[in-house]
Amino acid sequence: MAVHNVTVFKPYPFSKGQKINIADGPRQGDWEVLAVTDRKVKLRCPVSFREFEWNRFCYFIEEREGVEWPRKD
């Protein structure tokens, strides 16, 4: 059996009320978690207050403290 470096991905365990920032992709930006199921996550934009429900898609990268949210850029 060969040994290799393997990158492991695990879905992020969202929690209701959590403030998040998606760093890249079509959903990038600041969001608030409104609801979570095993398959879906419902997010709200803190600027436009628009709400979206998507299949769970995020994976944890890092947690930062003292970050301005929502950002004004």
Using the salt bridge (charged side-chain N to carboxylate O under 4.0 Å, His left out) criterion, which residues pair with Glu51? Sequence neighbours excluded.
Lys42, Arg44

For Lys16, check side-chain hydrogen bond (donor to acceptor under 3.5 Å, both in side chains) against everything at least two apart and list the hits.
none

Looking at every non-hydrogen atom in both residues, tell me the closest pair between Asp38 and Arg56 and how far apart they are.
O-CD, 3.6 Å

Can you give me every donor-acceptor pair (side chain of residues 17-24, partner residue at least two apart or in another chain, under 3.5 Å) with its distance?
unit_1: Gln18; atom_1: OE1; unit_2: Ser15; atom_2: N; d: 3.1
unit_1: Gln18; atom_1: NE2; unit_2: Tyr12; atom_2: OH; d: 2.8
unit_1: Asn21; atom_1: ND2; unit_2: Asp30; atom_2: OD1; d: 2.7

Contacts of Arg27 that satisfy salt bridge (charged side-chain N to carboxylate O under 4.0 Å, His left out) - sequence neighbours left out
none

State, yes or no, whether a side-chain contact exists between Leu43 and Leu34 at a heavy-atom distance under 4.5 Å.
no

Applying side-chain contact (heavy atoms from CB on, under 4.5 Å), can you list everything that pairs with Arg50, at least two apart in sequence or on another chain?
Ser48, Phe52

Straight-line distance of Trp31 CH2 to Trp54 CH2, nearest 0.5 Å
4.0 Å

To the closest 0.5 Å, what do you measure between CH2 (Trp69) and CD (Glu32)?
5.0 Å

